[in-house]
Amino acid sequence: MEKIYDCIVIGAGPAGLSASLFLARYLHSTLTFHNNSARNQYAHGVHGFLGHHGISPAQLLARGREEVEEHGGLIEEGCVTKVDRLSDDRFRVTTAGKEQSTSTFEARRLLLATGLRDLTPDCPGFREFYGISVHHCPDCDGYEARDKRIAVLGSGTKTVGFALSLLTWTDRISLITNSESADINAHERARLASFDIQVREQSIAALEGDGPSGHLRGVRFSDGDLLECDSLFFNLGTEPASGLHQMLHCRLDPDCGLVWVDHEQQTSVKGVYAAGDITPKSQLAIVAAAEGAMAAIHIHQSLIPKERKL
Ligand SMILES: Cc1cc2nc3c(=O)[nH]c(=O)nc-3n(C[C@H](O)[C@H](O)[C@H](O)COP(=O)(O)OP(=O)(O)OC[C@H]3O[C@@H](n4cnc5c(N)ncnc54)[C@H](O)[C@@H]3O)c2cc1C
């Protein structure tokens, strides 16, 4: 054990990097880990990030890493496999390196910014179109689908609401379930019908379109039918990218199952903060970055010695 960092940040997406930048600017010793699995790695461009609208995710993160390092923050690639709370003021982080080697690091504060993983459709063609004409987030990509023919993939009440939300941009919507039961009640079906949204429960054989450009032309069903569409939005859910919050026994938000935080971004475990997609707010890059900044401000406040406070 060489030193005790002021803060270890786990995750170098928008949330983690934004926190690391502020922590470095407060002159705190900060070590940030990532395992190269940012959530939006398949996105064509980050939409709606003021001043950076359309920037590629890789470029946004590369700039962020540069800014952190210019300010003296350390960023390491390594998968954090274990976190231990030694006291309210001391945490130990274990990372897995190459050839099963492990390393441990200690810090006075921890920030979890490990993000979410999307549950994605298991159908041929998906990867060719994902991030260009296949999306999961209307807030991010609805504008680009305005007036287009959209297929919405999913089932249940949540997917009905999801499909209705896309009416903001287009009224050419179909709901497809990929052979799952639609699980939609009569009232929901009537609401969909009132907007001319058809429900199709056949299984999907493949997504078809122009692979090299990523532009979808339609969904081919196993019975041979083709549903022509320009975009597909799926609503299959997400899961946390890591279970580190569980190791620390952080409380979960009862409504969404994500990591509960207070107004200072502190979890239910003193000294452990969380920011970005793993917390309950909207899952947008700019929101993650803002939460990271807020977490850093409060981590800094918590590290100021009593004598320096009134
Ligand atoms: C296809 C797609 C398109 C999107 N488009 C947009 C858009 O246009 N506009 C927009 O605002 N948002 C968009 N989003 C959402 C946006 O990407 C997320 O809101 C944002 O990335 C969340 O940032 P984050 O820092 O919380 O998590 P992430 O960006 O997911 O970063 C998580 C970090 O944690 C690290 N990590 C995870 N587990 C471990 C571990 N055990 N050890 C070490 N490191 C770990 C990862 O390596 C990564 O660095 C899109 C998402 C997707 C999937």
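The figures that follow rest on heavy atoms only: side chains count, while hydrogens, waters and symmetry mates do not. Atoms within a ligand are numbered from 1 in the order they appear, just like the ligands themselves.
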Contact atoms of ligand 1, heavy-atom distance to [X] under 4.0 Å:
X      : result
Gln283 : 15 (C), 19 (O)
Leu284 : 10 (C), 11 (O), 12 (N), 19 (O)
Tyr130 : 1 (C), 53 (C)
Cys79  : 41 (N), 42 (N)
Val46  : 8 (O), 9 (N)
Gly276 : 26 (O)
Gly13  : 25 (O), 29 (O), 31 (O), 33 (C), 49 (O)
Ala288 : 22 (C), 23 (O), 26 (O)

- Query: Does one hydrophobic cluster hold both Ile176 and Leu192, with members joined at side-chain heavy-atom distances below 4.5 Å?
  - Reply: no

Sub-3.5 Å N/O-N/O distance, [X] and ligand 1:
X      : result
Ala12  : yes
His47  : yes
Ala285 : yes
Ala15  : yes
Val80  : yes
Asp141 : no
Ser242 : no

Using a 3.5 Å distance criterion without hydrogens, assess whether the side chain of [X] forms a donor-acceptor pair with backbone atoms of [Y].
X      : Y      : value
Arg109 : Ser302 : yes
Arg220 : Gly224 : yes
Thr170 : Lys148 : yes
Ser181 : Asp183 : yes

- Task: Check each heavy atom of Thr81 against ligand 1 and say whether those closer than 4.0 Å belong to the side chain, the backbone, both or neither.
- Result: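 It is neither part, as no heavy atom is under 4.0 Å.
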
- Query: Heavy atom under 4.0 Å from ligand 1: found in Phe49's side chain, backbone, both, or neither?
  - Reply: neither

- With a 6.0 Å cut-off on ring centres, are Tyr130 and Phe234 close enough?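 Yes - the distance between ring centres of Tyr130 and Phe234 falls below the 6.0 Å cut-off.
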
- Judged by heavy atoms only, the candidate from Ile132, Thr32, Thr114, Asp118 nearest atom 38 (N) of ligand 1 is Thr114

- Taking the minimum heavy-atom distance to atom 43 (C) of ligand 1, which of Gly243, Gly78, Cys137, Pro240 ranks first? Gly78

Donor-acceptor list for residues 151-165 side chains, cut-off 3.5 Å, not counting sequence neighbours:
unit_1: Thr157; atom_1: OG1; unit_2: Glu188; atom_2: OE2; d: 2.8
unit_1: Thr159; atom_1: OG1; unit_2: Ser155; atom_2: N; d: 3.0
unit_1: Thr159; atom_1: OG1; unit_2: Ser155; atom_2: O; d: 2.8
unit_1: Thr159; atom_1: OG1; unit_2: Asn235; atom_2: ND2; d: 3.1
unit_1: Ser165; atom_1: OG; unit_2: Phe162; atom_2: O; d: 2.6

So is [X] in contact with ligand 1, going by heavy-atom distances below 4.0 Å?
X      : answer
His136 : yes
Gly45  : yes
Pro14  : yes
Ala113 : yes

- Item | Pair Arg200 + Asp225, salt bridge at N-O below 4.0 Å | yes

- Item | N-O pairing of Arg92 and Glu106 below 4.0 Å |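 The answer is yes: the pair qualifies as a salt bridge.
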
- Query: Does NZ or CZ of Arg146 lie under 6.0 Å from the centre of the six-membered ring of Tyr143, at an angle within 45° of the ring axis?
  - Reply: yes

- Side chain proximity check, His215 to Ile132, heavy atoms < 4.5 angstrom: yes

- Task: May I have all residue pairs that pass salt bridge (charged side-chain N to carboxylate O under 4.0 Å, His left out) and include part of residues 255-277, sequence neighbours excluded?
- Result: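 Checked against salt bridge (charged side-chain N to carboxylate O under 4.0 Å, His left out) - neighbours excluded - the pairs reaching residues 255-277 are Arg39-Asp277.
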
- Task: Would you please classify the geometry between the Phe49 ring and the His52 ring as parallel, tilted or perpendicular, with 30° and 60° separating the classes?
- Result: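 If you compare the ring of His52 with that of Phe49, the planes turn out perpendicular.
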
- At their closest point, which heavy atom of Ser268 faces which heavy atom of Arg251, and how far apart are they? OG-N, 2.7 Å

